[in-house]
Asker: 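Before we start, here is the structure in question, set down as structure tokens.
We use all heavy atoms of the structure for the numbers below, so side chains are in, but hydrogens, waters and symmetry mates are not. Sequence lines set the chain letters: A, B, ... in the order given, protein chains first and strands last, and positions in each chain run from 1.
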2 protein chains.
Amino acid sequence: MLSKFYRTAEDMIRHHGGRVTPGRIGILAALLAEQQAITHREIEQRLPQSLPLDRVTLYRTLEWLVENGLIHKITSDDRVWRYNANLEPQSHQHAHFKCTGCAQVICLDSLPIEQNWPLPSGYRFQEIELTVKGLCANCC
Amino acid sequence: MLSKFYRTAEDMIRHHGGRVTPGRIGILAALLAEQQAITHREIEQRLPQSLPLDRVTLYRTLEWLVENGLIHKITSDDRVWRYNANLEPQSHQHAHFKCTGCAQVICLDSLPIEQNWPLPSGYRFQEIELTVKGLCANCC
DNA sequence: ATATAAATGCAACTATGTTGCACTCATTGT
DNA sequence: ACAATGAGTGCAACATAGTTGCATTTATAT
């Protein structure tokens with residue numbers, strides 16, 4: 001079931017030139033299998049028992065995956081990072097949706113972002129972060 | 001210097017029907033005096049020594065001020081809440097700017113927010129949260 | 001002045017994330 | 001295949017933001 005995600009994960013890491021370790025594969029596969037952005041905690045729970053992984057290693061691996069553009073992480077109002085696999089590289093410019101009921105977070109691909117924001121004079125634009133809040137289908 | 005903010009703060013609290021205490025006045029005055037959104041820590045530092053205030057009391061007072069619409073709090077990617085006085089009630093529908101250099105956060109009033117986001121079917125819109133990141137005039 | 005509920009202070013706790021250092025193991029070159 | 005090497009990992013300890021329970025104080029109404 002998950003094996004195709006494992007293979008994809010391994011390919012992504014190897015193709016990217018990184019060292020291929022069980023931890024990286026397992027974590028990336030878990031994120032690839034997910035339709036939503038999930039937390040450090042949730043990733044931990046989804047990892048197979050055959051792959052015991054230290055909290056710290058998980059944090060560092062996620063950091064590595066982010067830095068190398070294989071996943072991205074999302075800010076939220078509950079002070080917890082959520083992570084999502086980058087299916088297409090450089091696809092980080094999108095909005096996110098967060099359900100105020102169940103705290104589920106998903107990516108919204110269609111983002112009509114205009115880069116020309118009316119900033120005070122002397123300010124320089126870099127990027128935009130946009131979260132739409134509401135209720136998901138289950139919580140409605 | 002700050003006395004006018006103290007008076008304004010006291011008026012806002014009293015007019016709102018809340019119990020008028022030195023803590024509430026001092027905290028709200030500190031936020032009114034500020035041109036930017038500041039953290040729990042920064043508020044603590046700005047309070048006069050004549051007003052020693054417990055960390056917990058500060059948290060609870062901020063919570064009360066938020067619930068009563070006198071201030072609002074802002075999510076950020078550094079997992080720290082920032083607070084800003086509401087000059088006009090109900091003025092919370094605006095974007096925020098965060099400087100990636102000095103972490104300064106300000107409110108952007110002119111926000112052409114459209115409420116019609118293309119959400120998946122069955123999802124219900126509630127509100128939008130938007131942060132523009134870049135460099136402020138000092139950090140440019 | 002007094003009663004009362006709201007606000008405060010203190011101690012202990014939770015949760016997320018970070019740092020330093022020793023040890024392991026994936027990769028590379030022979 | 002085998003050894004050398006440095007990237008990756010595990011463990012312990014730490015840092016920070018924020019929360020909870022309960023006793024004490026205080027702003028307000030009577």
Side-chain angles (χ1 to χ4, degrees), chain A residues 6 9-30 37-45 47-68 70-83 103 105, chain B residues 6 9-30 37-45 47-68 70-83 103 105:
Chain A
Y6 275 80
E10 185 171 342
D11 284 352
M12 287 172 70
I13 296 166
R14 193 182 304 281
H15 188 265
H16 189 273
R19 220 161 111 171
V20 180
T21 66
R24 287 184 178 172
I25 299 173
I27 293 169
L28 183 50
I38 56 178
T39 64
H40 178 273
R41 260 297 162 79
E42 291 165 330
I43 297 170
E44 224 169 9
Q45 292 163 354
L47 289 177
Q49 292 200 327
S50 57
L51 180 62
L53 211 57
D54 191 71
R55 272 168 19 89
V56 177
T57 302
L58 179 46
Y59 276 115
R60 288 198 269 231
T61 303
L62 288 170
E63 194 183 357
W64 183 89
L65 290 168
V66 169
E67 277 169 3
N68 287 273
L70 301 181
I71 65 176
H72 66 275
K73 63 176 181 177
I74 305 166
T75 287
S76 173
D77 52 10
D78 55 10
R79 312 185 344 111
V80 178
W81 291 107
R82 283 177 176 74
Y83 300 87
V105 174
Chain B
Y6 274 81
E10 185 171 342
D11 284 353
M12 285 172 72
I13 296 166
R14 194 182 302 281
H15 187 267
H16 189 274
R19 223 162 109 170
V20 181
T21 67
R24 288 185 178 171
I25 298 173
I27 293 169
L28 183 51
I38 55 178
T39 64
H40 177 274
R41 259 298 162 80
E42 292 166 329
I43 297 171
E44 225 170 7
Q45 292 163 353
L47 289 177
Q49 293 200 329
S50 55
L51 180 62
L53 210 57
D54 192 71
R55 274 171 14 92
V56 179
T57 303
L58 179 45
Y59 276 116
R60 287 197 269 233
T61 303
L62 288 169
E63 194 185 356
W64 184 88
L65 290 167
V66 168
E67 277 170 4
N68 288 272
L70 301 180
I71 66 175
H72 66 276
K73 63 177 182 177
I74 305 166
T75 287
S76 173
D77 51 11
D78 56 9
R79 313 184 344 110
V80 178
W81 291 106
R82 283 178 176 74
Y83 300 86
V105 174

Asker: Quick one: is A/Arg60 getting a side-chain N or O under 4.0 Å of the C/dT18 phosphate, OP1 or OP2?
Answerer: no
Asker: Is any side-chain nitrogen or oxygen of B/Thr61 closer than 4.0 Å to OP1 or OP2 of C/dT8?
Answerer: yes
Asker: Which is true for B/Arg79 with a 4.0 Å heavy-atom rule: it touches a base, it touches only sugar-phosphate, or it touches nothing?
Answerer: base
Asker: B/Arg14 or A/Arg24: which one's nearest nucleotide on DNA chain D is closer to the 5' end?
Answerer: A/Arg24
Asker: Under a 3.5 Å distance rule, please check whether B/Glu42 uses its side chain to pair with a backbone N or O of B/Thr39 as donor and acceptor.
Answerer: yes
Asker: Given side-chain contact (heavy atoms from CB on, under 4.5 Å), test A/Ile43 with A/Leu62 step by step and report yes or no.
Answerer: CA-CA 10 Å; A/Ile43 297 170; A/Leu62 288 170; 3.8 Å; yes
Asker: Which comes earlier along DNA chain D counting from the 5' end, the contact point of A/Trp64 or that of A/Val56, where each point is its nearest nucleotide?
Answerer: A/Trp64
Asker: Rounded to whole Å, please give me the gap between CD in A/Glu10 and C1' in C/dT27.
Answerer: 14 Å
Asker: Rounding to a whole Å, what distance do you find between A/Asp54:CG and C/dC21:P?
Answerer: 17 Å
Asker: More 5' along DNA chain C: B/Arg19 or B/Pro52, using each one's nearest nucleotide?
Answerer: B/Arg19
Asker: Compare all side-chain heavy atoms of A/Ile27 with those of A/Ile71 and state whether any distance is below 4.5 angstrom.
Answerer: no
Asker: Decide yes or no for B/Thr75 and B/Trp81: does some side-chain heavy atom of the first lie under 4.5 Å from some side-chain heavy atom of the second?
Answerer: yes
Asker: Looking only at non-hydrogen atoms, find the nearest pair between B/Ala29 and B/Ala9 and report the distance.
Answerer: N-CB, 3.7 Å
Asker: Expressed in angstrom and rounded to an integer, what is the separation of B/Trp81 atom CH2 from C/dT16 atom P?
Answerer: 15 Å
Asker: Between A/Val20 and A/Arg55, name the one whose nearest nucleotide on DNA chain C is closer to the 5' end.
Answerer: A/Arg55
Asker: Whole-Å distance between C/dC10 P and B/Tyr59 OH?
Answerer: 16 Å
Asker: Just by modelled atom types, is the B/Val20 backbone N or O under 3.5 Å from a matching donor or acceptor in the B/Arg14 side chain?
Answerer: no
Asker: Reading DNA chain D 5' to 3', which nucleotide is the first, and which the last, to come under 4.0 Å of any heavy atom in chain A?
Answerer: D/dG6 to D/dG18
Asker: Expressed in angstrom and rounded to an integer, what is the separation of B/Leu53 atom CG from C/dC10 atom P?
Answerer: 10 Å
Asker: In sequence, state the C-alpha distance, the side-chain angles, and the governing distance for B/Arg55 and B/Tyr59, and then conclude on side-chain contact (heavy atoms from CB on, under 4.5 Å).
Answerer: CA-CA 6 Å; B/Arg55 274 171 14 92; B/Tyr59 276 116; 4.0 Å; yes
Asker: Starting from C1' on C/dA7, measure out to CG on B/Leu62 and report it in whole angstrom.
Answerer: 14 Å
Asker: By the 4.0 Å heavy-atom rule, please label B/Thr57 as base, sugar-phosphate, or nothing.
Answerer: base
Asker: Between C/dA6 atom C1' and B/Glu63 atom CD, what is the distance in whole Å?
Answerer: 14 Å
